[in-house]
Amino acid sequence: MARSYNHHEIEDKWSKIWEENPVNEKDESKEKYYCLDMFPYPSGSGLHVGHWRGYVISDVWSRYKLLQGYYVVHPMGWDAFGLPAENFAIKHGIHPRKATDENVANIKKQIKDIAAIYDWDMEINTTDPDFYKWTQWIFVKMFKEGLAYEKEMPINWCPSCKTGLANEEVVGGVCERCGSLATKKNLRQWMLKITAYAERLLNDLDKLDWPEKVKKMQSDWIGKSYGAEIDFQVEGRDEKIKVYTTRPDTLYGSTFMVLAPEHELALQITTNENKEAVEDYIYKASLKSSVDRLQDKEKTGVFTGSYARNPVNNELVPIWISDYVLIDYGTGAIMCVPAHDERDFEFATKFNLPIVQVIAKDGVEIPNLTEAYTEPGIMINSGEFNGMESEKARLELPGLFEERGIGKKTVNYKLRDWVFSRQRYWGEPIPIIHCDHCGVVPVPEEDLPVLLPEVDNYKPTGTGESPLAAVEEWVNTTCPTCGAPAKRETNTMPQWAGSSWYFLRYVDSKNDKELISKEKANKYLPVDMYVGGVEHAVLHLLYSRFYTKFLNDIGVLDFDEPFLKLFNQGMIVKDGAKMSKSKGNVVSPDELVREYGRDSLRLYELFVGPPELDSEWDDRGIDGVYRFIRRVWNLFMDNKDSNIKATPEMIKTRHRMIYEITHRLDNLSLNTVVSGFMEYTNKLVDIANKEKGLDRGTLESMAVLLAPFTPHLAEELWSQLGNTSSVFKEKWPEYDEDKMKETQINIPVQINGKTRAIITVNADSTKEAILVAAKEEVAGRLTGDIVKEIYVPGKIVNIVIK
RNA sequence: GCGGAUGUGGCGGAAUGGCAGACGCAUCAGACUCAAAAUCUGACGGUGGCAACAUCGUGUGGGUUCGACUCCCACCAUCCGCACCA
């Protein structure tokens, strides 16, 4: 009697062996494949089964590539700076340094249970000075290139986290981290000029094998639009107001203008009798949060008392102020065409402003517009352009305006520059020194890193200053240029700084001369496969692309896209909700590993549902894969010594199994890979029972196929078959289509599309023979004239009768 | 409002133009057992029938096709993203 499956014994045995002899040895002779996970922030609450999923997917893929003969770069590290780590530390009264180290140790232990082939020699931690030295170095380089700049401006502010936020971190008006309502705060900020890369970030999306959803989210976020800037002369004054429009074809219908409340000309052009109302409106607008502004459905506004001339028809148009115009998009001022823009229509209706239709469907004017007509059409009431197609005018008029000196052709982006400073302790200090004589001076590269000082009080101040501002002995320094007393910049970098480039450092993590050597960068990068959640679509994934392009521009890298292929795994949900401590629906992997083993949990993580979709966790589901593993074990134990010659059925089944598993795996349809294994195991058990044994070739192929999924089991089965080297030294099995063919096939016979019988015929039967056999089989049902006979080779017969 | 995804048994899901419900969970019945657990075997969409079988059935309504879960049109529901971007 063969011994029964014992996951403790098998998994302990092989994890020890792999510890000493890693299966994924660095081998310069092999082609590389870089498979990367989005690295975790060590948050303290540990991993749940949802975190496991992504790591299992990437490990299966890595081991598959390994078996295909690649040297697989598969590293892991810690994104340990930033708010989550700091908030955890504050809550538990432990210094962030200590809390982070403890959490890393804890999560690392949990991650090792996944049994992924991570190369721990590459491990990095963003809070390690040897790492953040280079995070700071990139900032200094950006500063020198004019891409990092200081600006005082109203930025998004989270009153709970007590720090400024980037646009990307404000989701639906609330702080992405804690859910508090974001407000505006006027602060001196460090900004990164990501907008300088808008065009490349947009165009290069075409190069990427990424989910369309993510590409679309990025391209919408960048938000490119084509249009024109047009100058309106303010009547009786010197100033001109520049507007941006994507609808130059509607210029003749512009009957008023609106400036954003923050527009620099707003007060200047206001007449004395309107001054009080305008000042009041601007003040009230300044108090509104972005959510308030969003939620006010009703348009508000105030008249400045001034007018401007529409440059094409010389009409005088009133200039209004309203907060539906945003200061940071376009020019902060718009020309309003109420007949063809919903918002302008609403505003004009409310304040009784004239509405002039200039685009009409088929050139027929609608007598009384009840809503804006936003479709294309034929231009009317537009002087020399009457009769022109509006779509054509849209493209051609900007150039024409440019020739006539009333505007210019232009493009606009929704993307804003990146607010890069945080008023928090636990981040990379921004390596800048403020000198009264020399101004803003970057810390010399040889003086990096600027170490984050140890402090007692690291709680956020809420004043707009970082807690670092209170550390006098650290703040006070000397100017590297003139030697005079100077002060350090006290803001820190956002969480995203380290994660924007960490994937480069893994392959050269101990280099103290360079961020990464050119040689290693070219050898191991870019990343071939990146696995992670979709939540970073316009955050980390956009920032990383920006950093990579910058590093490419300054010659550090020879490539300009970091991640060639992206896979977004779905979330694991429990009781219909994302797992979270507060909901009390967290499933911990630790107990499951103890009870069922790593291999079973790995397999269930895949079997739970299609990997790209959210899946409901079923506590009982793991029993099914555990039973399956035991069935595989018994199949091998019962037959490993049978020494029988492969029957045609065994050969066919083996090749079909290889074919099915390989194809499903190539398509990353990992849940059906698992069900495929179950099907073929059931089939092989039947065959083995019938034939009193199973051939060695089939068992060997199956062990190798299983290796990426259940590595401990596969190694043990492989060694039970008498092999002395690791199963991971094997090659992924190949199939032969000729050997998969059936000699007999089942053909359903339909009458008028309904299956009435199934006939079994030789696979090489002719169409005629099959049709004859089919008609014989269903002769009793052929009660009418046969209109048509359809035979789809190898698939189906359909007889149409009347 | 705009954009995207999803919709199939009690449940997770499979099938991308060709036998709908693979595979698994749960359930029920049987075997083993003094008994239970574990394990094994079988049944398992609805309706009618002792049965073979018939009939309906993939969110709803239409359409294309010999044939539709699959393709097209319209709609409904749920989830996600964006949201006054001129």
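Here is the naming used below: chain letters follow the sequence lines, and residue numbers restart at 1 for every chain. Here the structure is a predicted model, which is why all the values come from computation and not from measurement. Only this structure's heavy atoms are used, side chains among them; waters, hydrogens and symmetry mates stay out.
Comparing the same atom, P, in B:C71 and in B:U78 gives a spacing of 23 Å after rounding to whole Å. Nucleotides B:G30 and B:C44 have their C1' atoms positioned 15 Å apart, rounded to a whole Å. Distance check on atom C1': B:A5 versus B:A86 gives 29 Å, rounded to whole Å. Taking atom P on both nucleotides, B:U27 is separated from B:U64 by 47 Å, rounded to a whole Å. Atom name C1', nucleotides B:C80 and B:C84: the rounded distance is 22 Å, in whole Å. Atom name P, nucleotides B:U58 and B:G46: the rounded distance is 15 Å, in whole Å. For the C1' atoms, the distance linking B:C53 with B:A38 amounts to 40 Å, nearest Å. One P atom belongs to B:G59, the other to B:G9, and the distance between them is 8 Å to the nearest Å.
Rounded to an integer number of Å, the gap from A:E212 CD to B:G81 C1' is 15 Å. For the pair A:K215 NZ and B:A5 P, the interatomic distance rounds to 15 Å; values are reported in whole Å. Across the protein-nucleic acid pair, A:F628 atom CZ and B:G24 atom C1' stand 11 Å apart, rounded to whole Å. Following rounding to the nearest Å, A:H340 (NE2) and B:C84 (P) show an atom-to-atom distance of 23 Å. As rounded to whole Å, 3 Å separates atom C1' of B:C66 from atom CD1 of A:I790. The CG-P distance, from A:L603 to B:C25, rounds to 13 Å in whole Å. What separates OH of A:Y626 from C1' of B:U39 is a distance of 13 Å, to the nearest Å. Atoms CD1 (A:I321) and P (B:C84) sit 20 Å apart, rounded to a whole Å.
Note on A:S675: every side-chain N or O is 4.0 Å or more away from OP1 and OP2 of B:G13. For B:A14, neither phosphate oxygen OP1 nor OP2 lies less than 4.0 angstrom from any side-chain nitrogen or oxygen of A:R664. In terms of phosphate contacts, A:R627 brings a side-chain nitrogen or oxygen within less than 4.0 Å of OP1 or OP2 of B:C25. Here A:N682 does not reach the OP1 or OP2 of B:C23: none of its side-chain N or O atoms lies under 4.0 Å away. Dashed line: the shortest gap from a side-chain N or O of A:K754 to OP1 or OP2 of B:C56 is under 4.0 Å. Considering only side-chain N and O atoms, A:R620 lies nowhere under 4.0 angstrom from the phosphate OP1 or OP2 of B:U27. Checking the phosphate oxygens (OP1, OP2) of B:G4, no side-chain nitrogen or oxygen of A:K216 falls inside 4.0 Å.
Among the nucleotides B:A14, B:A38, B:A86, the one closest to any side-chain atom of A:R630 is B:A38. Side chain of A:P748, nearest nucleotide from B:A5, B:C19, B:G24: B:C19. Listed nucleotides B:C25, B:A86, B:G24 differ in distance to A:D618; the shortest reach to its side chain belongs to B:C25. Closest contact between the side chain of A:K299 and the listed nucleotides B:C84, B:G13, B:A86 involves B:C84. When each of B:A86, B:G18, B:C40 is scored by its nearest atom to the side-chain atoms of A:I796, the top-ranked nucleotide is B:G18. Which of B:A20, B:A15, B:G24 sits closest to the side chain of A:T672 comes down to B:A15. Of the listed nucleotides (B:G18, B:C19, B:A15), B:G18 has the atom at the smallest distance from the side chain of A:N798.
Each of A:G223 and A:V792 has a nearest nucleotide on RNA chain B; the 5'-most of these lies closest to A:V792. Along RNA chain B, the nucleotide nearest to A:Y329 and the one nearest to A:V797 differ in position, and the one closer to the 5' end is contacted by A:V797.
Across all strands shown, B:G57 forms no Watson-Crick or G-U wobble pair with both key distances under 3.5 Å. The partner of B:A68, taking Watson-Crick or G-U wobble pairs whose two distances both stay under 3.5 Å, does not exist in any strand shown. With a 3.5 Å ceiling on both atom-pair distances, the Watson-Crick or G-U wobble partner of B:G81 is B:C2.
Backbone-only engagement by A:N671 is indicated by non-hydrogen atom pairs under 4.0 Å involving sugar-phosphate atoms exclusively. Using a 4.0 Å heavy-atom cutoff across all strands shown, A:S225 reaches sugar-phosphate atoms only and no base atom. A:K795 comes within contact range of the sugar-phosphate backbone alone, with a heavy-atom separation under 4.0 Å but no base atom that close. Residue contacts shown for A:V171 are limited to sugar-phosphate atoms, with no base heavy atom under 4.0 Å away. If you check every strand for non-hydrogen atoms under 4.0 Å, A:V674 touches nothing. Within the 4.0 angstrom heavy-atom criterion, no nucleotide atom of any strand lies near A:E616.
Inter-residue side-chain proximity for A:L259 and A:I241 is flagged as met; some heavy-atom pair is nearer than 4.5 Å. By the 4.5 Å heavy-atom criterion applied to side chains, A:W496 and A:W418 are counted as neighbours.
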* Could you go step by step and tell me if A:E679 and A:K683 meet the salt bridge (Lys or Arg N to Asp or Glu O under 4.0 Å) rule? -> CA-CA 6 Å; A:E679 266 181 271; A:K683 202 170 283 180; 5.4 Å; no
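No more than 12 heavy atoms of other residues, nucleotides or ligands shown are found within 6.0 angstrom of NZ on A:K193.
A:R656 places a side-chain N or O within donor-acceptor distance of the main-chain N or O of A:M740, the cut-off being under 3.5 Å. A:N752 places a side-chain N or O within 3.5 Å of a backbone atom of A:I801 that can act as its donor or acceptor partner. Side-chain atoms of A:N746 never come within 3.5 Å of backbone atoms of A:T760 as a donor-acceptor pair (strictly under, hydrogens ignored).
By the rule that a glycosidic angle within 90° of 0 means syn, B:G46 does not qualify and counts as anti.
Between A:S669 and the options A:D666, A:N667, A:T672, a side chain to side chain donor-acceptor pair (under 3.5 Å) holds for only A:T672.
Note: A:F347 and A:Y324 have tilted aromatic rings, judged against thresholds of 30 and 60 degrees for the angle between ring planes.
A:K213 contributes no side-chain N or O that forms a donor-acceptor pair with the base of B:C80 under 3.5 Å.
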